[in-house]
Amino acid sequence: MFAKTASCLHLSDRVATKARWRLAVGQAENNAVRGRAAECPNARVRADIAQ
């Protein structure tokens, strides 16, 4: 259970960082994130956009 929780936390942090800094996401990365996100249905992502 801990590994799944850590994996979902890492995923949400990664998405938040990409959003905050408006970093590009390639198609392969997008596909990988979407696939892993299906395993984290209750994960929330909060990102304040950098000015």
A.B. asks: Could you pull out the closest heavy-atom pair between Arg22 and Ala50, with the gap in Å?
C.D. replies: NH1-O, 3.6 Å

A.B. asks: Using side-chain heavy atoms (C-beta onward) and a distance below 4.5 Å, is Leu11 in contact with Val33?
C.D. replies: yes

A.B. asks: Between Ser7 and Arg36, is any pair of side-chain heavy atoms under 4.5 Å apart?
C.D. replies: yes

A.B. asks: Check whether any side-chain heavy atom of Arg14 lies under 4.5 Å from a side-chain heavy atom of Glu29, and answer yes or no.
C.D. replies: yes

A.B. asks: Hey, could you give me the NZ/CG distance between Lys18 and Asn30, rounded to the nearest 0.5 Å?
C.D. replies: 10.5 Å

A.B. asks: Any sub-3.5 Å donor-acceptor pair from Arg20's side-chain atoms to Asp48's backbone N or O?
C.D. replies: yes

A.B. asks: So which heavy atom on Ala16 is nearest to which on Ala47, and how close?
C.D. replies: O-CB, 3.5 Å

